[in-house]
Amino acid sequence: MEVKDANAALLSNYEVFQLLTDLKEQRKESGKNKHSSGQQNLNTIMYETMKYLSKTPCRHQSPEILREFLVAMKSHKLTKAEKLQLLNHRPMTAVEIQLMVEESEERLTEEQIEDLLQTVTSILPGDPEAEQKPEDMAVDEGDPE
Amino acid sequence: MFVLVEMVDTVRIPPWQFERKLNDSIAEELNKKLANKVVYNVGLCICLYDITKLEDAYVFPGDGASHTKVHFRYVVFHPFLDEILIGVIKGCSPDGVHVSLGFFDDILIPPESLQQPAKFDEAEQVWVWEYETEEGAHDLYMDTGEEVRFRVVDESFVDTSPTGPSSAEASTSSEEAPKKEAPYTLVGSISEPGLGLLSWWTSS
């Protein structure tokens with residue numbers, strides 16, 4: 001076996017998630033042979049990887065969202081690796097942006113970081129349950145005066 | 001986190017599988033060979049992405065099976081240096097904090113890369129971050145099952161291919177069980193703001 005190119009392309013979590021979901025569908029349809037001992041490794045890795053990815057923001061994404069995200073990111077001049085990390089993690093705080101974008105203090109002003117956060121949180125869908133909680137908290141804070 | 005790796009290999013299809021479509025047999029064989037396995041200096045193979053080229057299949061004398069040279073692309077887990085990942089704490093030991101991603105377990109965060117100052121609580125076998133504020137020191141425990149955000153700082157591949165028969169004789173007399181080394185390990189760090197348990201950084 002020969003490895004021609006160990007780094008042919010970077011894949012986003014969404015692409016891998018989609019691939020595994022499609023593969024699972026295909027294997028379900030073809031039926032019998034997926035329980036043979038040879039297929040056990042594939043079953044294990046597929047199950048574990050899908051379990052991990054279904055807890056990340058990629059499960060709410062779609063090809064259109066990815067395209068929109070990349071178009072919006074053009075103006076911010078980020079490297080491919082940085083855009084990929086923003087896509088995979090969907091950061092919601094400035095601290096997270098500083099982790100993922102190298103030398104963010106020098107390359108981005110505070111306004112640009114805010115702007116980036118806005119773009120990320122508006123284009124990439126988040127967890128619908130988690131978005132509801134801050135609204136409940138805001139109601140309580142108004143009471144004690 | 002995942003990369004596409006282009007590889008070439010010769011796949012052997014035994015005669016009793018000739019009735020199946022060649023592409024399907026080859027995909028199955030490749031997944032059987034590579035899924036959930038670590039390829040040296042490449043990473044942990046997940047699943048087949050696609051087959052880019054199939055060369056002519058040959059049958060050799062003495063073997064009824066067909067041999068096909070296949071060019072294909074495989075999805076491999078291979079985080080790049082300095083990538084941020086989120087994992088779950090599997091346990092703590094004096095070597096550091098062991099983190100797992102579910103499908104990949106061999107991630108270690110050594111004591112020097114923890115948020116400083118940190119100490120190891122011997123009684124509970126857990127690492128603790130002694131966080132100082134004006135009110136005093138808070139002990140933040142790194143409990144098993146907690147989600148952590150960490151940065152990948154190093155990776156190491158170990159060639160675990162079996163050694164030849166001559167060295168095997170020498171080792172069986174000295175040791176009973178050969179040490180099992182993980183073929184692919186990652187070293188992480190959580191010594192920056194924003195890294196560590198997710199609960200430490202979520203704003204209320």
Side-chain angles (χ1 to χ4, degrees), chain A residues 1-13 15-17 19-20 23-24 26-27 30 33-34 36-56 58 80-82 84-86 88-89 91-100 102 130 133-134 137, chain B residues 1-11 24 27-37 39-50 52 71-78 80-88 100-105 147 149 151 192-195 201-204:
Chain A
M1 189 178 85
E2 197 195 321
V3 175
K4 278 262 126 92
D5 187 353
N7 228 314
L10 288 172
L11 289 174
S12 68
N13 287 5
E15 288 171 286
V16 178
F17 186 61
L19 184 73
L20 290 174
L23 189 61
K24 193 164 131 186
Q26 252 179 37
R27 279 154 67 72
S30 75
N33 60 351
K34 56 185 165 117
S36 70
S37 59
Q39 300 294 316
Q40 204 40 48
N41 268 326
L42 182 63
N43 292 343
T44 309
I45 193 77
M46 275 178 68
Y47 171 71
E48 294 285 353
T49 310
M50 284 192 73
K51 197 163 102 174
Y52 176 80
L53 291 177
S54 58
K55 289 187 291 187
T56 65
C58 78
K80 209 193 276 192
E82 291 165 353
L84 185 64
Q85 289 195 82
L86 294 179
N88 285 343
H89 285 111
M92 295 192 279
T93 62
V95 171
E96 290 171 71
I97 300 263
Q98 279 168 1
L99 283 176
M100 295 176 198
E102 259 182 83
K133 283 195 198 140
M137 309 268 291
Chain B
M1 210 186 311
F2 299 104
V3 289
L4 214 54
V5 177
E6 285 175 7
M7 302 197 237
V8 185
D9 197 12
T10 306
V11 177
D24 296 342
E28 194 183 308
E29 282 299 312
L30 287 175
N31 277 327
K32 205 189 283 190
K33 179 171 179 180
L34 291 173
N36 206 15
K37 305 257 172 78
V39 175
Y40 187 61
N41 281 341
V42 171
L44 174 69
C45 295
I46 309 287
C47 71
L48 182 71
Y49 184 75
D50 63 2
T52 47
H71 298 246
F72 58 98
R73 294 189 289 187
Y74 219 84
V75 176
V76 175
F77 170 70
H78 189 189
F80 51 86
L81 198 62
D82 291 340
E83 184 170 354
I84 304 290
L85 294 177
I86 297 185
V88 173
S100 154
L101 295 179
F103 58 94
F104 184 74
D105 278 350
E147 288 195 323
R149 191 181 292 127
R151 189 189 287 281
E192 290 167 59
L195 297 179
W201 303 100
T202 48
S203 43
S204 45

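Everything numeric in this text was worked out from a predicted model, so none of it was measured.
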Structural part of [X] lying under 4.5 Å from a heavy atom of chain A:
X         : answer
Val42(B)  : side chain
Val39(B)  : side chain
Arg149(B) : side chain
Leu195(B) : both

Should we say atom CZ of Phe80(B) is surrounded by more than 12 heavy atoms from elsewhere, each under 6.0 Å from it?
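Above 12, so yes.
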For the CZ atom on Phe103(B), are there more than 12 heavy atoms of other groups (residues, nucleotides or ligands in this structure) within a distance under 6.0 Å?
yes
Applying ring-ring contact (aromatic ring centres under 6.0 Å, His included), name anything that partners Tyr74(B), two or more places apart in sequence or on another chain.
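Checked Tyr74(B) against ring-ring contact (aromatic ring centres under 6.0 Å, His included); zero matches.
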Tell me, which pairs form a side-chain hydrogen bond (donor to acceptor under 3.5 Å, both in side chains) where one or both residues lie in residues 1-12 of chain A, sequence neighbours left out?
Ser12(A)-Glu15(A)
Minimum side-chain heavy-atom gap [X]-[Y] below 4.5 Å:
X        : Y        : value
Thr49(A) : Phe2(B)  : yes
Ile45(A) : Cys47(B) : no
Glu48(A) : Asn36(B) : no
Met1(B)  : Val16(A) : no

When rounded to the nearest 0.5 angstrom, what distance separates [atom1] in [X] from [atom2] in [Y]?
X        : Y         : atom1 : atom2 : result
Ile46(B) : Leu20(A)  : CD1   : CG    : 7.5 Å
Asp82(B) : Glu102(A) : CG    : CD    : 6.0 Å
Leu10(A) : Glu83(B)  : CG    : CD    : 8.5 Å
Asn31(B) : Arg27(A)  : CG    : CZ    : 7.5 Å
Phe72(B) : Met1(A)   : CZ    : CE    : 6.0 Å
Asn41(A) : Lys37(B)  : CG    : NZ    : 5.0 Å

Backbone N/O of Ile84(B) and side chain of His89(A): donor-acceptor pair under 3.5 Å
yes
Minimum heavy-atom separation for Val3(B) to Ala6(A), with atom names?
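Of all heavy-atom pairs spanning Val3(B) and Ala6(A), the closest is CG2-O, 4.2 Å.
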Tell me, side chain or backbone of [X] under 4.5 Å from chain B's heavy atoms, or both, or neither?
X        : result
Ile97(A) : neither
Val3(A)  : both
Leu19(A) : side chain

If you count heavy-atom pairs under 4.5 Å between each of Leu44(B), Val88(B), Val5(B) and chain A, which one has the most?
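Heavy-atom pair counts peak at Val5(B).
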